[in-house]
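These notes concern the structure reproduced below.
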Amino acid sequence: MQVLVLNSGSSSLKFQLFSMPEETIICSGLVERIGFNDAIFKYDNKKKTIEIETPILNHRSALKLVSQHLLHKEVGVIKSPEEIAVVGHRVVHGGKSFSNTTEITKEVKTKIKDLIALAPLHNPANLEGIEVAEDIFPNAKQVAVFDTAFHQTIPEKAYKFAIPNELLTEHRIRLYGFHGTSHKYVSEKAIEYLGQKESKIITIHLGNGCSMTAVKNGESIDHSLGFSPISGLIMGTRSGDIDPSVIFHLKNKLGYSLKEINTLLNKQSGMLGLTGYSDLRDIETMAAKGNKDCQLALEMNAYRIKKYIGAYTAVLNGLDAIVFTAGIGENSQTIRRLVCEHMDFFGINLDETKNTVRSKEIREINTEDSKTKILVIPTNEELEIAKQAVELFKN
């Protein structure tokens, strides 16, 4: 069975075509910097690798470029769309409506659309990916795997906000949690690596969107993203934690409309607001050249992560390992170093040499005497989505 997985981020699109249940990758690729004229398209069919820089202004254009290469006479890997049996989609926000992997119907799409207000950077891209895939692969079963599902185990004391009860009971305003597919995948890999029956792990997913999860014995018990994917850590264009009174000040004193505030906090803040750059690679380059704004932004980014490590260590009542994953977590030795320095009270001791090594495998970057393991685990949300999609149709 051939399963195509589409993972649409706020400014990126990852795709992999699997032969299942063998879990063999037939081809894979990535579109980065969607929305910009210097977007990058990468495609690897195991025989040839293609990389193109071209304007890709939206996710629809990105998906069309992907499909063109899948079906291409020379570099394609399928001869017709009918060869794809299942298309698995990452969908960020499922609210309370979806706690499990779900076959996509008209009603499911309507509910995903209704939740756009809670994930304005992601659910629109997810929905667009579904609709384009339905056009290109009309005979394939379309499946949604929700980022919020892994966090259904978070207890009420952690997911409930200190606001009037009816806002939860009647309007479902609460912490939902996101990046669940990634946190689930890497926490399972970490548990397997540690070989312990019981475990206390903090998973740190760092990309354009960022989040952290406290994972106890394989279950999510707290998470940095809340009602929507904007709280918590400093992200590419999102503010992360902010005093709610700032919103009232922006509206009442500075004359911002609610729409402008939403745009500011979701698309103009975070690392972009601090530096003028949203891509961490650009920020690290400029910081190395002496740019003070970029240097401070990196320190602020790491400082916020440190605060959550402290909080989650308390929640877990101990710590066996921290896990860095996703694009920044896997590749930025600078962020890992800044996060781990001066953390010896928590038993976190970074080996500077190991931290510079790049690998696609699970690796330890802690010193031999570090009480807490520091792991870098490449996430594979696409494989996790493929497995869940196939599982749905087993019976």
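- Side chains of N262 and K267: a donor-acceptor N/O pair is absent below 3.5 angstrom, by distance only.
- Counting only N and O atoms by type, the side chains of E82 and S80 include a donor and acceptor under 3.5 Å apart.
- E368 CD: 12 or fewer foreign heavy atoms inside a 6.0 Å radius.
- Checked options N217, L319, I191; the residue passing with I201 is I191 (criterion: side chain to side chain contact (heavy atoms under 4.5 Å, CB included)).
- Environment of OH in Y256: sparse, with no more than 12 heavy atoms of neighbouring residues, nucleotides or ligands closer than 6.0 Å.
- Side-chain contact between F227 and I173 is present, with at least one heavy-atom pair separated by less than 4.5 Å.
- Under a cut-off of 6.0 angstrom, the local environment of NZ in K307 is sparse, with at most 12 non-hydrogen atoms contributed by other residues, nucleotides or ligands.
- Inspection of the T101 and Q388 side chains reveals an N or O donor paired with an N or O acceptor under 3.5 Å.
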* To do: Could you please spell out the steps behind the side-chain contact (heavy atoms from CB on, under 4.5 Å) verdict for V143 and F393?
  => CA-CA 10 Å; V143 175; F393 298 110; 3.3 Å; yes
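- A donor atom on one side chain and an acceptor atom on the other are found under 3.5 Å apart for S332 and E284.
- With rounding to the nearest 0.5 angstrom, the CZ atom of R174 is 12.0 Å from the CD1 atom of I163.
- Contact of the I365 side chain with the L350 side chain is registered, since non-hydrogen atoms from C-beta on lie closer than 4.5 Å.
- Atom CG of residue D135 and atom NZ of residue K64 lie 8.5 Å apart, to the nearest 0.5 angstrom.
- A donor-acceptor contact shorter than 3.5 Å links the side chain of E83 to the backbone of K79.
- Rounding to the nearest 0.5 angstrom, the gap separating the CG atom in L194 from the NZ atom in K189 is 13.5 Å.
- When side chains are defined from C-beta on, I374 counts as touching I348, because their heavy atoms get closer than 4.5 Å.
- Between the side chains of N355 and R336, a donor-acceptor pair is found at a separation under 3.5 Å.
- Between D320 and K373 there is no salt bridge, since no side-chain N of the basic residue sits under 4.0 Å from a carboxylate O of the acidic one.
- E364 and K354 are not joined by a salt bridge, as no carboxylate oxygen comes within less than 4.0 angstrom of a charged side-chain nitrogen.
- Atom CZ of F161 is surrounded by more than 12 heavy atoms from other residues, nucleotides or ligands within 6.0 Å.
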Give the table of side-chain donor-acceptor pairs shorter than 3.5 Å for residues 202-209, with sequence neighbours excluded, one pair per line with atom names and distance.
from, atom 1, to, atom 2, distance (Å)
T203, OG1, H183, ND1, 2.7
H205, ND1, S182, OG, 2.9
N208, ND2, S10, OG, 2.8

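- Applying the ring pair (Phe, Tyr, Trp, His ring centres under 6.0 Å) test to every pair with at least one member in residues 317-362, sequence neighbours left out, gives no pairs at all.
- A salt bridge links E188 and K184; the closest N-O separation between the charged side-chain nitrogens and carboxylate oxygens is under 4.0 Å.
- A 4.5 Å side-chain heavy-atom check between E382 and F15 finds every atom pair outside the cut-off.
- Counted by atom type alone, Y43 and E51 present zero donor-acceptor pairs between their side chains at under 3.5 Å.
- In this structure I116 satisfies the side-chain contact (heavy atoms from CB on, under 4.5 Å) test together with K113, N123, P124, sequence neighbours excluded.
- Between F178 and H93, the ring centre distance stays below 6.0 Å.
- Ionic pairing of K216 and E198 is not present here: no N-O contact between side-chain nitrogen and carboxylate oxygen is shorter than 4.0 angstrom.
- Side-chain contact, E299 with Q295: no donor N or O sits under 3.5 Å from an acceptor N or O.
- For the pair S187 and V323, the minimum side-chain heavy-atom distance is 4.5 Å or more.
- Side-chain atoms of T110 and E107 include no donor-acceptor pair closer than 3.5 Å.
- One side chain, Q142 or H89, offers a donor N or O that lies under 3.5 Å from an acceptor on the other.
- K42 has its side chain out of reach of I50: every pair of non-hydrogen atoms, C-beta onward, lies at least 4.5 Å apart.
- In this structure, E22 places its CD atom where more than 12 heavy-atom neighbours from other residues, nucleotides or ligands lie under 6.0 Å away.
- Separating the CG atom in L225 from the CG atom in D147 is a distance of 9.5 Å, to the nearest 0.5 Å.
- Between N58 and S61, the side chains place a donor N or O and an acceptor N or O closer than 3.5 Å (distance only, hydrogens not considered).
- A salt bridge links E381 with K14: the distance from a Lys NZ or Arg NE/NH1/NH2 to an Asp or Glu carboxylate oxygen falls below 4.0 Å.
- Within 6.0 Å of the NZ atom in K46, the count of heavy atoms belonging to other residues, nucleotides or ligands exceeds 12.
- With a 6.0 Å cutoff to the six-membered ring centre and a 45° limit on the axis angle, R304 does not count as a cation-pi contact of Y308.
- Ion pair K106/E134 not flagged as a salt bridge, since none of the NZ, NE, NH1 or NH2 atoms sits closer than 4.0 Å to an Asp/Glu carboxylate oxygen.
- Note that CD of E53 is 6.0 Å distant from CD1 of I40, once rounded to the nearest 0.5 Å.
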* Hey, mind stepping through D222 and K157 against salt bridge (charged side-chain N to carboxylate O under 4.0 Å, His left out) and telling me if it holds? -> CA-CA 10 Å; D222 206 347; K157 64 183 179 183; over 6 Å; no
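- Looking at heavy atoms from C-beta onward, T102 lies out of side-chain contact with V91 at the 4.5 angstrom threshold.
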